[in-house]
K.L.:
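If you scroll down you'll find the structure; I have some questions about it.
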Amino acid sequence: MNDKFQPLDRDDDVLLFDKNNTFTVGKLKDLISKEFQEKFLISYQKKPSYRGDSYEERTDIKSELSTISFDSGGFICSEIQWKCIKAVNCKLLKVGSGGWQEGKLRMQAKVVNSYYENDDYKKYNKAVLDICIEFSPDIPNEPISPLDDIRQSEEYKKLSNNK
């Protein structure tokens, strides 16, 4: 097996798993994102004290996951990273390719508390989720050379044997 994983950047490529579960890369990223939202993030509305009746949507890493405290102090984390331990078997159908390619799929996701500035130049915490899906084909794609036909010809073989 080839262990060279390549990121899948096209959201319209298709993945086929066991039991005929089929997803586009984009749909799989959406499902992972929803799962992360439920398990690691908290969303709430906050009414800014300097504005009228408007509310803003906030997303944060859940507090029980973002702080570690003990008797003499504590730590605050600003990032949670999740990586697959084991790649899963699947087939990939890339847009414009000739057919399904068997291989392994692995995923990783990272949620980071970052900051943005609003109209009043105030900074607020906002969790940002980054998902990466990678594929490693069982049989790597060999580059096709226009010289391959020539190298297979009898004349070329005779010439190379005469050296």
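Just so you know, residue 1 is the first one in the sequence shown, and it goes up from there.
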K.L.:
Side-chain contact test, heavy atoms from C-beta onward, threshold under 4.5 Å: evaluate it for Leu28 versus Met107 and give yes or no.
P.N.:
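The answer is yes; the side chains approach within 4.5 Å.
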
K.L.:
If you round to the nearest 0.5 Å, how far is CZ of Arg10 from CG of Leu92?
P.N.:
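The CZ atom of Arg10 is 11.0 Å from CG of Leu92, to the nearest 0.5 Å.
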
K.L.:
Using every non-hydrogen atom in the two residues, find where Ala87 and Arg106 come nearest and quote the distance to one decimal.
P.N.:
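So the minimum-distance heavy-atom pair works out to CB-CB, 4.2 Å.
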
K.L.:
Considering residues, nucleotides and ligands other than Glu102, do more than 12 of their heavy atoms fall under 6.0 Å from its CD?
P.N.:
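No - once you tally the heavy atoms of other residues, nucleotides and ligands closer than 6.0 Å, there are 12 at most.
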
K.L.:
Can you sort out the partners of Asn89 under side-chain hydrogen bond (donor to acceptor under 3.5 Å, both in side chains), two or more places apart, ordered by chain and number?
P.N.:
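Asn89 satisfies side-chain hydrogen bond (donor to acceptor under 3.5 Å, both in side chains) with Lys104 only.
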
K.L.:
A side-chain contact here means heavy atoms from C-beta on lying under 4.5 Å apart; do Val25 and Asp9 qualify?
P.N.:
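No; the side chains remain at least 4.5 Å from each other.
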
K.L.:
If you round to the nearest 0.5 Å, how far is CZ of Phe5 from SG of Cys132?
P.N.:
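Between Cys132 SG and Phe5 CZ, I get 11.0 Å after rounding to 0.5 Å.
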
K.L.:
Does Val14 sit in a hydrophobic cluster with other residues, and if so which ones, taking ILVMFWY side chains as linked at heavy-atom separations under 4.5 Å, directly or through other members?
P.N.:
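Besides Val14, the cluster holds Leu16, Leu93, Trp100.
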
K.L.:
Asp11: what forms a salt bridge (charged side-chain N to carboxylate O under 4.0 Å, His left out) with it, not counting sequence neighbours?
P.N.:
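Asp11 satisfies salt bridge (charged side-chain N to carboxylate O under 4.0 Å, His left out) with Lys29 only.
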
K.L.:
Hey, could you give me each pair passing side-chain hydrogen bond (donor to acceptor under 3.5 Å, both in side chains) that has a residue in residues 15-28? Not counting sequence neighbours.
P.N.:
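Counting only pairs at least two positions apart or across chains, no side-chain hydrogen bond (donor to acceptor under 3.5 Å, both in side chains) contact touches residues 15-28.
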
K.L.:
Below 4.5 Å, heavy atoms only, C-beta onward: do Ile133 and Leu105 meet side chain to side chain?
P.N.:
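Yes; the side chains approach each other to less than 4.5 Å.
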
K.L.:
List the residues meeting ring-ring contact (aromatic ring centres under 6.0 Å, His included) with Phe135, not counting sequence neighbours, and say none if there are none.
P.N.:
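With sequence neighbours excluded, Phe135 shows a ring-ring contact (aromatic ring centres under 6.0 Å, His included) to no residue whatsoever.
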
K.L.:
Rounded to the nearest 0.5 Å, how far does CD1 of Ile32 lie from CH2 of Trp82?
P.N.:
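Atom-to-atom, Trp82:CH2 and Ile32:CD1 are 6.0 Å apart.
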
K.L.:
Using the rule given for side chain to side chain contact (heavy atoms under 4.5 Å, CB included), can you reason through Gln81 versus Gln108, listing the C-alpha separation, both sets of side-chain angles and the distance that settles it, and then say yes or no?
P.N.:
CA-CA 7 Å; Gln81 190 166 11; Gln108 58 183 341; 4.0 Å; yes

K.L.:
From the options Val111, Ile131, Asp130, select the one residue that forms a side-chain contact (heavy atoms from CB on, under 4.5 Å) with Ser33.
P.N.:
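By the side-chain contact (heavy atoms from CB on, under 4.5 Å) criterion, Ser33 pairs with just one of Val111, Ile131, Asp130: Ile131.
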
K.L.:
Quick check for you: to the nearest 0.5 Å, what is the distance between Cys90 atom SG and Gln101 atom CD?
P.N.:
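Going from the SG atom of Cys90 to the CD atom of Gln101 covers 9.5 Å.
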
K.L.:
Measure the NZ-CG distance between Lys34 and Leu129 for me, rounded to the nearest 0.5 Å.
P.N.:
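Separation between the atoms: 13.0 Å.
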
K.L.:
With sequence neighbours left out, write down each residue that passes side-chain hydrogen bond (donor to acceptor under 3.5 Å, both in side chains) with Gln6, or none if nothing qualifies.
P.N.:
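Applying side-chain hydrogen bond (donor to acceptor under 3.5 Å, both in side chains) to Gln6 gives none.
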
